[in-house]
Number of protein chains: 2
Amino acid sequence: MNLRQDVHTAGIPVLCQACEARHRGICGALDSDQLVALAKTSSKQTIASGAELVGDTETVEHYSNVLAGVVKLTKTLSDGRQQIVGLQFAPDFLGRPFKSESAVNAEAATDVSLCSFPKAAIERMMKQSPELEHRLLRQTLKELDEARDWMLTLGRKTASEKVASFLLLIANHIDPTLGEGEEKVTFDLPLTRADIADFLGLTIETVSRQFTKLRAEGIISIENNRHVTVTRRERLEARAGH
Amino acid sequence: MNLRQDVHTAGIPVLCQACEARHRGICGALDSDQLVALAKTSSKQTIASGAELVGDTETVEHYSNVLAGVVKLTKTLSDGRQQIVGLQFAPDFLGRPFKSESAVNAEAATDVSLCSFPKAAIERMMKQSPELEHRLLRQTLKELDEARDWMLTLGRKTASEKVASFLLLIANHIDPTLGEGEEKVTFDLPLTRADIADFLGLTIETVSRQFTKLRAEGIISIENNRHVTVTRRERLEARAGH
DNA sequence: TTTGGCTCTTGATCCAGGTCAATTCACGCC
DNA sequence: GGCGTGAATTGACCTGGATCAAGAGCCAAA
């Protein structure tokens, strides 16, 4: 078990039987009896990059915890223009309570490992356990904060600021512990250029040009199109526009 | 009591003593004993258009229900670029649970009437009453859905589509009952051109030009800069980009 | 009634980022 | 190795919306 997992499992008293692994998210709110009951109807699954998890108007009949990988939530206009409206990292929750239809598409951006439960089971437990609803509220508030942060980026930042903000967002999500201190950060981009463009409200060409510019200025370097090293973190932060 | 109020008070069994008026929002989750207790420390207040309700990093020490008017939630970059990240209409809730600092500025867009409670009192009741937390979760999910809808608009729509989407959003909020049926809708804009620009990620000039274009095409008419009549609703909807 | 200070509109110009069109690169697969 | 395919880069050009600069409408105070 590596450091990353330690962070995510801190303070979780019981094992989720279904996932055969400790994790946070909603399971943390349940007692062992509930977890055993849940395990009977839930399952750990692995989804290949690119696979669609939840269709736009499709009926959602289960909730999931993201155990590993990145899931993108997208919205699409009738003519095909697309916008990513959320990225779910482990140990985020996937699913829209109190609504059978999802307003968004969910798609695996990388290979994803999920622990999913039937909707009905979770909703039954939600009635019994206020702690479960409390966790959902906290997760939803976190997502709302993130969405609002991103609205400022979408509406008011330049392409250059958008790309810098995106790189910092990914860096922070990949490992939130490597905070202010270190100058260099290295990580793999979980998204293609097309995905990044859809996230930032730009075109792939503009994203590519901004990467080129950052490379030329010695702020980042990229290997094999995915592996990014931020060499001048403070300059990237300055560019992101505080 | 007009139709509008009926919609908002449907199914509310008890009076909120503080507001001296029935309303939904969080009060609906409380029993009469709790409402009486709450009334001792809470108050109805009227805020003039333009007044700041909550500062960016200011400590929030009370929650509020919006009884009338519109509150805008904004985020600002260090150089002054601003984005409206949410609009709160009656009977929305105002305040960020589980965090003493707000990530956004809240400002009265119109004259606003509020019913506010001390943070501590609400949080005490939240521990006792799961129903209260349930209402907060529903409101937060609603705001998240709205934020994500708006991200698609900010990231991917043209100026023309943005303005059309905005007008429809206001029309629907001012009176959600006048749904699909009617061709004409009339309402007062609760926002100035500058506010609309900050909401749409545009400049005031672009917003103004789009209004002019809509007027020229006979889709809307505007009196006194605020009073809008949508004369060709279906054409506005087509322009909003589904 | 005039004056001052708003907000809104309109026009003229500019440029960031979109569009279109080639390459070039990464990574299988034979 | 050579080849095919989809992803990424790069270049040339264009345009939607920003910017800059006047006006016009509105209202409140003198």
Side-chain angles (χ1 to χ4, degrees), chain A residues 48-51 72 77 79-83 107 109-111 153-167 188-217 220-228 239 241, chain B residues 48-50 72 77 79-83 107 109-110 153-167 188-217 220-228 239 241:
Chain A
S49 168
K72 55 181 180 176
L77 292 169
D79 63 1
R81 281 174 290 171
Q82 198 172 52
Q83 176 67 44
E107 192 180 321
T110 63
D111 290 349
T153 301
L154 284 174
R156 289 304 186 194
K157 288 191 187 172
T158 64
S160 163
E161 292 167 330
K162 283 179 176 179
V163 169
S165 301
F166 168 76
L167 287 172
D188 283 331
L189 286 177
L191 301 183
T192 64
R193 299 294 185 276
D195 285 337
I196 297 171
D198 282 348
F199 191 52
L200 297 173
L202 298 171
T203 59
I204 52 172
E205 293 94 331
T206 299
V207 171
S208 180
R209 278 186 252 268
Q210 293 300 331
F211 276 152
T212 302
K213 201 188 288 180
L214 287 170
R215 247 186 278 114
E217 293 179 38
I220 63 169
S221 65
I222 307 183
E223 291 159 41
N224 300 335
N225 285 340
R226 300 197 92 83
H227 194 71
V228 176
R239 183 170 300 213
Chain B
S49 168
K72 54 181 181 176
L77 292 169
D79 64 1
R81 280 174 289 172
Q82 197 172 54
Q83 177 67 47
E107 192 180 322
T110 62
T153 301
L154 283 175
R156 290 303 187 195
K157 289 191 186 170
T158 63
S160 163
E161 291 167 331
K162 283 179 177 180
V163 169
S165 301
F166 167 76
L167 287 173
D188 283 330
L189 286 177
L191 302 182
T192 64
R193 299 294 186 275
D195 285 337
I196 297 170
D198 282 348
F199 191 53
L200 296 173
L202 298 171
T203 59
I204 52 173
E205 292 94 332
T206 300
V207 171
S208 179
R209 277 187 251 269
Q210 293 301 329
F211 276 151
T212 302
K213 201 188 286 180
L214 287 170
R215 246 186 280 114
E217 294 179 40
I220 63 169
S221 63
I222 307 183
E223 291 158 41
N224 299 334
N225 285 340
R226 300 196 93 84
H227 194 72
V228 176
R239 182 169 301 211

**OP:** Could you state the atom-to-atom distance from NZ of A:Lys213 to P of D:dT10 in whole Å?
**Re:** 13 Å
**OP:** Would you indicate what A:Thr212 reaches in the nucleic acid, counting non-hydrogen atoms under 4.0 angstrom: base, sugar-phosphate, or nothing?
**Re:** sugar-phosphate
Original post:
Is A:Arg156 salt-bridged to B:Asp198, going by a charged N under 4.0 Å from an acidic O?
Top reply: yes
Original post:
Is A:Arg209 side chain donor-acceptor paired with the C:dT19 base, going by distance under 3.5 Å alone?
Top reply: yes
**OP:** Please state how far atom CD in A:Gln210 lies from atom P in D:dA8, giving the value in whole angstrom units.
**Re:** 16 Å
Original post:
Counting only non-hydrogen atoms, which of residues 156-164 of chain A are less than 4.0 Å from DNA chain C?
Top reply: A:Thr158, A:Ala159
Subject >> Nearest-Å distance for atom pair CD1/P, residues B:Ile204 and C:dG11 >> reply: 16 Å
Original post:
Can you tell which of D:dA8, C:dC20, C:dC8 lies closest to the side chain of B:Arg193?
Top reply: C:dC8
Original post:
What integer distance in Å separates A:Glu223:CD from C:dC27:P?
Top reply: 11 Å
Original post:
B:Asn225 has a side chain; which of C:dT9, C:dG18, D:dA8 sits nearest to it?
Top reply: C:dT9
Original post:
Going by modelled atom types, is there a donor-acceptor pair between the base of C:dC20 and the side chain of A:Glu205 at under 3.5 Å?
Top reply: yes
**OP:** Round to the nearest Å and state the distance from B:Leu191 atom CG to C:dT7 atom P.
**Re:** 14 Å
**OP:** Name the nucleic acid region contacted by A:Arg226, choosing base, sugar-phosphate or nothing; use a 4.0 angstrom heavy-atom cut-off, strictly under.
**Re:** nothing
Original post:
What is the distance from CG of B:Asp79 to C1' of D:dA18, rounded to the nearest Å?
Top reply: 14 Å
Subject >> Rounded distance in Å - NE2 (A:His227) to P (C:dA26) >> reply: 15 Å
